[in-house]
Each structure stands twice: as C-alpha cells, then as structure tokens.
Q: 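One structure coming up, written as structure tokens, with questions to follow.
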Amino acid sequence: MPSTNRHAAKHGRLPEPYDTTMRAVLRYVTKTGPSDDARRLRMVADLADLFAQAAADRTPIHRLLGDPVEFADDFKANYGAESRIVREQRRLVSAVAAVASEEEWCPWRDSKTATTL
C-alpha cells in the first residue's frame, strides 16, 4: 500500500485505535474497491482524511464505522468504479466460456452469475 506509506510519512501515524482500524479498512477497500488507479488513490486519501478527523474529534470507532463491512462497502461505492472482484469474475467467466464447447452442457452459462457479470 504505497499511498498509505506516503500518507504516514507526510502526516505521521494516527493514534490508536484509529491507525490500526484505518489500515484494516484500507486493506479491504483497496482489495475489493475500484480498479482504476486515480479513483483508488482519491478513495485512499479521503479515507485517511476521514480517520484523521475522527481521531482529532476522538470519535469512537464503533460510532465512526458501525458495521465495518457495511461501512467499507458503502464508502467504496462512492467512487463508482468497477471493483477488482467484478473485473476478475468477468475475466473468469469469459475464460471458461472461451474453452467450453457450445455442445457441452454448462450450467453456469445461463446462471445469474453469467448474466450479471
């Protein structure tokens, strides 16, 4: 996470538990969030700002996040880009479809996964 390291070098580490929590959320949103570098960098910067402000205000972590997964998913949704997971799911379906014969029975071909990707 080079952008996190740049933030830490520029601003120093956040006090605990904000630093550890921010790094955990950051890992999740960068692994599952936008695949576009510009959007991902903006998202990382915004997340760092949010946690810096929460630390300055001494906002309790549970009040800041609520459910951590729901928070992270809602947060990354604000950046409106296709996630890496969706991109990789499409790549997987496409690769398998390319080698599957039209005569073969492929139960996933007409499944929700194939049509939503």
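Side chains included, hydrogens not; waters and symmetry mates left out as well; all remaining heavy atoms used. These numbers come from a predicted model, not from an experiment.
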Q: Just verifying a value: how many Å separate R23 CZ and L14 CG, rounded to the nearest 0.5 Å?
A: 8.0 Å
Q: Are any non-hydrogen side-chain atoms of L64 and L50 less than 4.5 angstrom apart?
A: yes
Q: Rounded to the nearest 0.5 Å, what separation is found between the OG1 atom of T59 and the CZ atom of F51?
A: 10.5 Å
Q: Can you tell me how far the CD1 atom of I61 sits from the CZ atom of F71, to the nearest 0.5 Å?
A: 9.5 Å
Q: Are any of the side-chain heavy atoms of R90 and V93 separated by less than 4.5 Å?
A: no
Q: If you round to the nearest 0.5 Å, how far is OH of Y28 from CG of L47?
A: 13.0 Å
Q: Do D46 and Y79 make a side-chain contact, defined as non-hydrogen atoms from C-beta onward lying under 4.5 Å apart?
A: yes
Q: Look up atom OG1 in T30 and atom NZ in K76, then write down how far apart they are to the nearest 0.5 Å.
A: 10.0 Å
Q: How far does CG of D73 sit from CG of D67, to the nearest 0.5 angstrom?
A: 8.5 Å
Q: Please name the pair of heavy atoms, one in R13 and one in D19, separated by the smallest distance, quoted to 0.1 Å.
A: NH2-OD2, 2.6 Å
Q: Can you see which heavy atom on R39 is nearest to which on P34, and at what distance?
A: CB-CB, 4.1 Å
